[in-house]
Enquirer: 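This structure is in structure tokens; I'll ask about it shortly.
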Amino acid sequence: MKIGLLGHGVVGRGVTAILDGKYPDLEITKILVKDLSEGNDPRYTLSAEEILNDPEIGMIVECMGGVQPAGSYVLQAMKQGKHAVTSNKKMLASLLEEILAASSEHHVQVRFEASCGGGIPWIHELEHIRRIDEITGFRGIMNGTTNYILSAMHENGTDFAEALKQAQKLGYAEQDPSDDIDGMDVRYKCCISLFAACGLVISPDLIPAFGIRHIHASDAAWAKQHGRVIKMIGEGSPQGACVMPRILKSNDPMSAVFSNQNRLETDSPTLGVAAFSGQGAGSLPTAHAVVQDILDIARGCTQMKTEYERIDQTGIFEGTYYISGNGAEALNLPVKEKGNGFIITEHILLNDLMQALPEGHALFIAEVCE
Ligand code: HSE
């Protein structure tokens, strides 16, 4: 089968490194790039149409990032009868319904293992578990950048800005790290996981998402003094999904996941809690997941279920919340404990917390977990 690759950045280069010359029946014949000076590869083209309209190409692999034009290219290729593999969580979460519809309507596969958990075979495992069980919940450390930052703050007392710089230098962060530190990247991954785990499609902006942009060294130090660790957690269930930093007890297995590693867990009736961990980002681990998808399609594996139910609101979340920063004490919320620059609320509804927050606040908010 001939393959058209869209994008030759961190992930795309990993795909050519793993696939080129290794599988006699698979050949990447054209690669879409933004600039021909990106490298010296005779397959490079600046024209997406040249790939999308090539009748010999039976599969496109999208590793461009961003919602558009990546989404239009994927949809156009599927409409022309080409299978699609994507690593692009933002595009997939934003256009999930259209992409699933195109897969059913045009009898082509869409696979997206690399979009969530990088190299960890997460989507495949969810699909597998669902052959027997209804998944009752999932949660995970799904973002390598924030886990790297929180780990550095916890272990070395590094401040947030310095830890972010290190994560960018190591190539974990998105080009604009806002998606990482504001929880958007995990939100997209929760959308995709909610579909794969529970067959539900929700618009990303309906998922409550809190980030770590306003965390300070004093917050990490407070958690450490209390024998706890702050982790950025995405979670979901048939009721919906939520993204939030969580102050975990040290006996929670999530608290032992350090550096840029990811860990994902599911819960279901016959399997119970199952956990998967490994590299959630990076060129070769992510490309490994992309090439697994390519091989699944080429080897005739059947498409995962594309039926879904749309939900237009997320479930009810509640908890005890740690809030720090200027103005935390002035919030109209029931307070259980007050400290130097922070409060801990009584057990409240997340919705009540969200209503109490002023627009454009600069507070750090995390759930204190039992
Ligand atoms: N920026 C993402 C992360 C890349 O840090 O996890 C992988 O999705």
Side-chain angles (χ1 to χ4, degrees), residues 62-75 84 86-103 110-118 122-123 126 135 137-147 173-213 232-246 262 264 280-281 286 304 306-317 350-351 353-354 357 359-360 365 367:
E62 186 271 312
C63 306
M64 300 169 65
V67 178
Q68 293 297 357
S72 303
Y73 294 164
V74 169
L75 286 165
T86 181
S87 60
N88 183 344
K89 63 245 156 168
K90 188 169 185 170
M91 182 280 290
L92 187 64
S94 308
L95 304 176
L96 189 52
E97 274 192 296
E98 278 173 85
I99 297 218
L100 295 173
S103 169
V110 57
R111 287 188 177 259
F112 42 85
E113 183 60 68
S115 65
C116 186
W122 168 241
I123 303 296
L126 292 175
I135 292 174
F138 65 85
R139 66 170 192 154
I141 293 175
M142 305 180 176
N143 181 273
T145 303
T146 46
N147 205 47
E174 301 295 310
Q175 272 178 345
D176 172 0
S178 300
D179 271 6
D180 294 302
I181 63 176
D182 292 330
M184 302 301 134
D185 179 80
V186 181
R187 199 187 228 182
Y188 301 133
K189 290 167 178 169
C190 278
C191 268
I192 295 164
S193 299
L194 196 61
F195 165 67
C198 309
L200 298 174
V201 171
I202 188 168
S203 169
D205 52 12
L206 294 176
I207 296 180
F210 294 81
I212 61 165
R213 182 183 286 272
M232 180 76 167
I233 305 280
E235 67 171 40
S237 73
Q239 278 72 51
C242 175
V243 178
M244 190 173 239
R246 295 204 158 86
N262 282 196
L264 298 141
T286 310
M304 70 190 288
T306 51
E307 301 83 44
Y308 63 87
E309 189 190 326
R310 185 171 182 91
I311 55 170
D312 289 318
Q313 56 183 32
T314 194
I316 294 169
F317 291 90
L350 178 59
N351 208 34
L353 163 60
M354 288 165 75
L357 295 173
E359 189 111 352
I365 298 160
E367 185 184 348

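The figures that follow rest on heavy atoms only: side chains count, while hydrogens, waters and symmetry mates do not.
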Enquirer: Check R213 against S178 and note the closest heavy-atom contact, atom names and distance.
Expert: NH2-OG, 3.3 Å
Enquirer: Should N88 and F112 count as side-chain neighbours, where that means a heavy-atom distance under 4.5 Å?
Expert: no
Enquirer: Ignoring hydrogens, what is the shortest heavy-atom contact between A209 and M184? Give both atom names and the distance.
Expert: CB-CE, 4.4 Å
Enquirer: I need the M304 CE to I123 CD1 distance, nearest 0.5 Å.
Expert: 6.5 Å
Enquirer: Going by the rule side chain to side chain contact (heavy atoms under 4.5 Å, CB included), which residues pair with A281 if we only count those two or more places apart in sequence or in a different chain?
Expert: none
Enquirer: Hey, does the side chain of K189 reach the backbone of M142 with a donor-acceptor pair shorter than 3.5 angstrom?
Expert: yes
Enquirer: Nearest 0.5 angstrom please: Y188 OH to L92 CG, how far?
Expert: 12.0 Å
Enquirer: Using the side chain to side chain contact (heavy atoms under 4.5 Å, CB included) criterion, which residues pair with N147? Sequence neighbours excluded.
Expert: I141, S151, K231, V257
Enquirer: Is any side-chain heavy atom of I212 less than 4.5 Å from a side-chain heavy atom of M232?
Expert: yes
Enquirer: Within the 4.5 Å heavy-atom criterion, are L264 and F138 side-chain neighbours or not?
Expert: no
Enquirer: Among D179, N262, D185, whose side chain to side chain donor-acceptor pair (under 3.5 Å) with N143 holds?
Expert: D185
Enquirer: For the CZ atom of F195 and the OG1 atom of T306, what is their distance to the nearest 0.5 Å?
Expert: 6.5 Å
Enquirer: Under 3.5 Å, side chain of E309 to main-chain N/O of L200, donor-acceptor pair present?
Expert: no
Enquirer: Could you report the tightest heavy-atom contact between A196 and L126, atom names first, then the distance?
Expert: CB-CD1, 3.8 Å
Enquirer: So which atom in L350 and which in F210 form the shortest heavy-atom distance, rounded to 0.1 Å?
Expert: CD1-CE1, 3.9 Å
Enquirer: Measuring from M64:CE to K90:NZ, what's the distance to the nearest 0.5 Å?
Expert: 13.5 Å
Enquirer: Working to the nearest 0.5 Å, report the span between CD1 of I192 and SG of C116.
Expert: 6.0 Å
Enquirer: Kindly indicate whether the side chain of V201, heavy atoms from C-beta on, has any atom under 4.5 Å from the side chain of I311.
Expert: no
Enquirer: How close do C191 and A93 get, heavy atom to heavy atom, and via which atoms?
Expert: CB-CB, 3.8 Å
Enquirer: Is a side-chain donor or acceptor of E62 paired with a backbone partner of G65 at a separation under 3.5 angstrom?
Expert: yes
Enquirer: Looking at Q313 and L206, what are the two nearest heavy atoms and their distance?
Expert: N-CD1, 4.4 Å
Enquirer: Are side-chain heavy atoms of N351 and I316 found at a separation under 4.5 Å?
Expert: no
Enquirer: Please determine whether the number of non-hydrogen atoms from other residues, nucleotides or ligands lying under 6.0 Å from atom CD of Q68 exceeds 12.
Expert: yes
Enquirer: How would you list, by chain and number, every residue that makes a side chain to side chain contact (heavy atoms under 4.5 Å, CB included) with D205, sequence neighbours excluded?
Expert: R187, S203
Enquirer: Is any side-chain heavy atom of M91 less than 4.5 Å from a side-chain heavy atom of I99?
Expert: yes
Enquirer: Among pairs that include at least one residue of residues 190-202, which meet side-chain hydrogen bond (donor to acceptor under 3.5 Å, both in side chains), considering only residues two or more places apart or in two chains?
Expert: W122-S193
Enquirer: Any side-chain heavy atom of T145 within less than 4.5 Å of one from E174?
Expert: no
Enquirer: Output side-chain donor-acceptor pairs under 3.5 Å for residues 234-245, partner residues at least two apart or in another chain, one line each.
Expert:
{"residue": "S237", "atom": "OG", "partner": "Q239", "partner atom": "N", "Å": "3.1"}
{"residue": "S237", "atom": "OG", "partner": "Q239", "partner atom": "OE1", "Å": "3.2"}

Enquirer: Side chain to side chain contact (heavy atoms under 4.5 Å, CB included) with A114: which residues, sequence neighbours excluded?
Expert: S87, T286, A289, V290
Enquirer: Can you see whether E97 engages Y308 through a side-chain donor-acceptor pair at a distance of less than 3.5 angstrom?
Expert: yes
